[in-house]
There are 2 protein chains.
Amino acid sequence: MMKMQPKLCRVEDALGILVGKWKPIILLTLLQDGTKRFSDLKRSVPGITQKMLTNQLRELEEEDIITRKVYPQVPPKVEYSMTEYGRSLEPILVAMHEWGTAHTLHKMQKVKGKGMENLN
Amino acid sequence: MMKMQPKLCRVEDALGILVGKWKPIILLTLLQDGTKRFSDLKRSVPGITQKMLTNQLRELEEEDIITRKVYPQVPPKVEYSMTEYGRSLEPILVAMHEWGTAHTLHKMQKVKGKGMENLN
DNA sequence: TGGTATAGTATACAAAAGGATACTAAGGAG
DNA sequence: CTCCTTAGTATCCTTTTGTATACTATACCA
């Protein structure tokens, strides 16, 4: 049994930070590889546009999950990394990842079930 | 260090189920109180409209997270409860709740920091 | 005969999120 | 003089999410 009351629910706090089409993969990448510069992140997250990457990084920075370090160079160099606070999200990311992995089978059975209708 | 590769990320699987303005509180309510009928849920989630509640419940049902039991009565009676599969999300919900609770302080300090500017 | 209750649907609309594309600064290479 | 690089902006558009409001069926109660 859970000890939490829905009315006093703090789940949204964590969820708000993780939600966004690209945030989980950005965070996982930074957790794994440590510091990365903008263009490296862009390569690590296939399909993301510059706008969305900037956008998501700004939001994460605003929430104090990542830091942004600008080197006054040309061409520009900007490095991103997790903050201590950001790293505290790791258990949640891990829990979600494990859930997803453990329940891949469940999903496959649903899909298979649908396909079976044609075979019987 | 994490053992997962961003490219093979299964985080989205769990996230996709949890995302939606009302899903976490619906799930927490069902986890705590067990079976609930539509109108009870509506009362438990203040501010939600019928359409949104129906909507979110249908999505959760579709994902096999909750079950829907209809009693052929008038006025209608429909009961919702978590599936076994749905209950497996509990550790994630708990992890998020704990994170939110533990880091309320962090948030308060940010807000306080901003307010302090006027005081010095 | 009209009002109440439950669990919805239908319709229209507003807001938020995401995407495509073009543009910029400033130095170095050719 | 022009192109290349990086880390962005700016603008416009589409899709997804969420909201508001009105409507329905059917039995019971007065």
Side-chain angles (χ1 to χ4, degrees), chain A residues 6 9 11-27 29-30 33-63 65-82, chain B residues 6 9 11-27 29-30 33-63 65-82:
Chain A
C9 167
V11 167
E12 300 284 2
D13 296 14
L15 205 56
I17 286 169
L18 265 18
V19 169
K21 186 164 175 186
W22 310 97
K23 279 179 191 165
I25 193 168
I26 291 171
L27 294 177
T29 303
L30 286 178
D33 301 359
T35 299
K36 284 214 149 193
R37 50 192 297 193
F38 188 87
S39 52
D40 293 332
L41 275 172
K42 196 159 175 310
R43 269 181 285 276
S44 301
V45 184
I48 198 169
T49 60
Q50 315 227 152
K51 178 194 160 182
M52 284 311 291
L53 184 51
T54 306
N55 194 315
Q56 307 278 289
L57 290 171
R58 288 296 187 290
E59 286 180 22
L60 292 169
E61 193 193 354
E62 180 68 21
E63 303 267 20
I65 303 302
I66 62 173
T67 49
R68 176 168 179 270
K69 185 171 180 186
V70 182
Y71 295 82
Q73 301 180 353
V74 169
K77 177 178 174 183
V78 178
E79 282 180 349
Y80 292 91
S81 44
M82 300 294 284
Chain B
C9 170
V11 167
E12 300 283 3
D13 296 13
L15 207 54
I17 286 169
L18 265 19
V19 169
K21 185 164 176 185
W22 310 97
K23 279 178 193 166
I25 193 168
I26 291 171
L27 295 177
T29 302
L30 286 178
D33 302 357
T35 299
K36 284 213 149 196
R37 49 191 298 194
F38 188 84
S39 51
D40 292 332
L41 275 172
K42 195 159 177 308
R43 270 182 284 276
S44 301
V45 185
I48 197 170
T49 60
Q50 313 226 153
K51 180 191 161 185
M52 284 311 291
L53 183 52
T54 304
N55 194 316
Q56 306 279 290
L57 289 170
R58 287 296 186 292
E59 286 179 24
L60 291 168
E61 195 194 352
E62 180 68 21
E63 302 270 18
I65 302 302
I66 63 174
T67 50
R68 177 168 179 270
K69 184 170 182 188
V70 182
Y71 294 81
Q73 301 179 355
V74 169
K77 178 177 172 181
V78 179
E79 282 181 348
Y80 293 92
S81 44
M82 300 294 286

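Side chains are part of it too, since the values below use all heavy atoms of this structure and drop only hydrogens, waters and symmetry mates. It should be emphasised that the depicted structure is a prediction, and the values quoted were computed from it without experimental measurement. Throughout, protein chains are lettered first and strands after them, A, B, ... in sequence-line order, and every chain is numbered starting at 1.
For Y71(A) and dG8(D), the OH to C1' distance is 18 Å, given to the nearest whole Å. Residue R43(A) contributes atom CZ, which lies 11 Å from atom C1' of dT5(D) at whole-angstrom precision. Residue E61(A) contributes atom CD, which lies 9 Å from atom P of dG8(D) at whole-angstrom precision. L53(B) has its CG atom 13 Å from the P atom of dG18(D), to the nearest Å. Rounded to an integer number of Å, the gap from CZ of R58(B) to C1' of dA10(C) is 14 Å. For W22(A) and dG18(C), the CH2 to P distance is 10 Å, given to the nearest whole Å. Q73(B) places its CD atom 12 Å from the P atom of dA27(D), with the value rounded to the nearest Å. Between the CG atom of N55(B) and the C1' atom of dA7(C) there is a distance of 15 Å, rounded to whole Å.
Among the atoms of the strands shown, none is found under 4.0 Å from any heavy atom of K42(B). Using a 4.0 Å heavy-atom distance criterion, Y80(A) is classed as a sugar-phosphate-only contact. E59(B) comes within 4.0 angstrom of no nucleic acid atom, judged by non-hydrogen atoms across all strands.
The side chain of V74(A) approaches dG27(C) more closely than any other nucleotide in the set dT26(D), dG27(C), dG18(C). Comparing dG8(D), dA7(D), dG18(C) by their closest approach to the side chain of R68(A) singles out dG8(D). The side chain of M52(B) lies closest to dG18(D), out of dG18(D), dA7(D), dT6(C). Of the candidates dG18(D), dA7(C), dT6(D), dT6(D) carries the atom nearest the R37(A) side chain, counting heavy atoms from C-beta on. Each of dA5(C), dG8(D), dG18(C) was ranked by its minimum atom distance to the side chain of Q50(A); first place goes to dG8(D). Residue T54(A) has its side chain nearest to dG8(D) when only dG8(D), dT6(D), dT6(C) are considered. The side chain of S39(B) approaches dT6(C) more closely than any other nucleotide in the set dG18(D), dA20(D), dT6(C). Of the candidates dT5(D), dG18(D), dA20(D), dT5(D) carries the atom nearest the P75(A) side chain, counting heavy atoms from C-beta on.
W22(A) contributes atom CH2, which lies 7.5 Å from atom OG1 of T49(A) (distance to the nearest 0.5 angstrom). Atom CG of residue D13(A) and atom CD of residue E63(A) lie 9.5 Å apart, to the nearest 0.5 angstrom.
Just one of R68(B), K36(B), E61(B) meets the side chain to side chain donor-acceptor pair (under 3.5 Å) condition when paired with Y80(B); it is R68(B).
Nucleotides of DNA chain C nearest to P76(A) and Q56(A) differ in position, and the one nearer the 5' end is that of Q56(A).
The heavy-atom pair separating L18(B) from K23(B) by the smallest distance is O-CB, 3.7 Å.
Side-chain contact between V78(B) and K69(B) is absent, with no heavy-atom pair separated by less than 4.5 Å.
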